[in-house]
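Here the structure comes first, spelled out in structure tokens, and everything after it is commentary.
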Amino acid sequence: MGERLNGRVAVITGGTSGIGAATAELFAAEGAKVVIAGRSRDKGTALADQLGENVVYEHQDVTVEADVRHVIDSTAERFGRLDVLFNNAGGPTAGNVADITAENIDYGVKLLFTSVALGMRYAVPQMLASGGGAIINNSSVAALRHLQGNILYSAVKAAVTHYSRLAGVELGPRGIRVNVISPGAIATPIFWGGSARANTLPDEENARKMAKLQGNLAKANPLKKSGLAWDIATAALFLASDEGRFVNCHDLVVDGGRTSMFNEYPAVP
């Protein structure tokens, strides 16, 4: 067990699978008290039990403001402080230029942007009371390049990245660092409908889909290997720990070089 987050309390949204689950495991191993927030009560509870007494599960739908506030407030009440917020929850969106609907827009913004902004809004007072903190918002290389996601997803993720940079300027003098991680082609269930969809499938089916996905993603970057949830978790650990103490308003791209050579690679299958 490491000590890079000893004494710190972290909330991870979308924490029951994929990147969130990997980050919860790593943060706990590095000494943090961790709140796993997500919609899958069974998976969240099982993961918290597996990771030990310093990890708890809280039910949360990030499209519901009351849920977002409840997780932050209950964390501070339970542990007496809040030091790290990883706004990781997300999912696919629908909508192209010619056929996008108001419903598509409302849902995409609420899921990917409003959840982040409100998570920060409720976390900031708790972090200030704790003497500062680190906020990490999960964006995407779709915010940077064409053909990395549909147009709505890409535009909303770009908003997350820019909002985070501006928030870091505002909050930095108050002891709160705000950074972004932009994953590239990372093998997670988002490619077959997100965690909610994966939760409805048998473990064998999810494993089959994951193996096929990793093979496809290995073709989508210069390193010729698939990005894994653990790659994003280690980036989040750096930004959350003292090693990232002088990193603020930064977009940490973790994509195996895909965005530097994107013209050579088709859209991720």
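Cluster annotation: I12 is connected to L47 through the hydrophobic network of ILVMFWY side chains, with a link wherever side-chain heavy atoms come within less than 4.5 Å. Under a hydrophobic-cluster definition in which Ile, Leu, Val, Met, Phe, Trp and Tyr are linked whenever side-chain heavy atoms come within less than 4.5 Å, directly or via other members, L144 and Y153 are assigned to different clusters. Note on L217: it does not cluster hydrophobically with L228, by side-chain heavy-atom contacts below 4.5 Å among ILVMFWY residues. The hydrophobic cluster containing V169 does not contain M120, counting ILVMFWY residues as joined when their side-chain heavy atoms lie under 4.5 angstrom apart, directly or transitively. Criterion: ILVMFWY side-chain heavy atoms under 4.5 Å apart, direct or through other members. Under it, L26 and I186 are part of a common hydrophobic cluster.
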Check your understanding: What do the steps show when you test N88 against T13 for side chain to side chain donor-acceptor pair (under 3.5 Å), and what is the final call?
Key -> CA-CA 5 Å; N88 166 70; T13 72; 5.4 Å; no
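The shortest distance between side-chain heavy atoms of I105 and I100 falls below 4.5 Å.
Between E65 and K110 there is no salt bridge, since none of the side-chain N atoms of the basic residue sits less than 4.0 Å from a carboxylate O of the acidic one.
Every residue meeting the salt bridge (Lys or Arg N to Asp or Glu O under 4.0 Å) condition with R208, not counting sequence neighbours, appears here in chain and number order: E205. F238 meets the ring-ring contact (aromatic ring centres under 6.0 Å, His included) test with no other residue; sequence neighbours excluded. Under the rule for a side chain to side chain contact (heavy atoms under 4.5 Å, CB included), the partners of D61 that lie at least two apart in sequence or sit in another chain are R39, T63, V64, D67. Partners of Y107 under the side-chain hydrogen bond (donor to acceptor under 3.5 Å, both in side chains) rule, at least two apart in sequence or in another chain, do not exist in this structure.
Nearest approach of S226 to Q214, heavy atoms of both residues: CB-O, 3.5 Å. When all heavy atoms are compared, the tightest approach of A240 to A134 is CA-CB, 4.2 Å. Counting all heavy atoms, side chain and backbone alike, G2 lies closest to N6 at O-OD1, 4.1 Å.
Listed by first and then second residue, the salt bridge (Lys or Arg N to Asp or Glu O under 4.0 Å) pairs that reach into residues 240-255 are R4-E243, R8-D242, sequence neighbours excluded.
Within the 3.5 Å criterion, the main-chain N or O of V180 finds no donor-acceptor partner in the side chain of R165.
Taking Ile, Leu, Val, Met, Phe, Trp and Tyr as hydrophobic and joining them when side-chain heavy atoms fall under 4.5 Å apart, one finds L166 isolated, its cluster having no other members.
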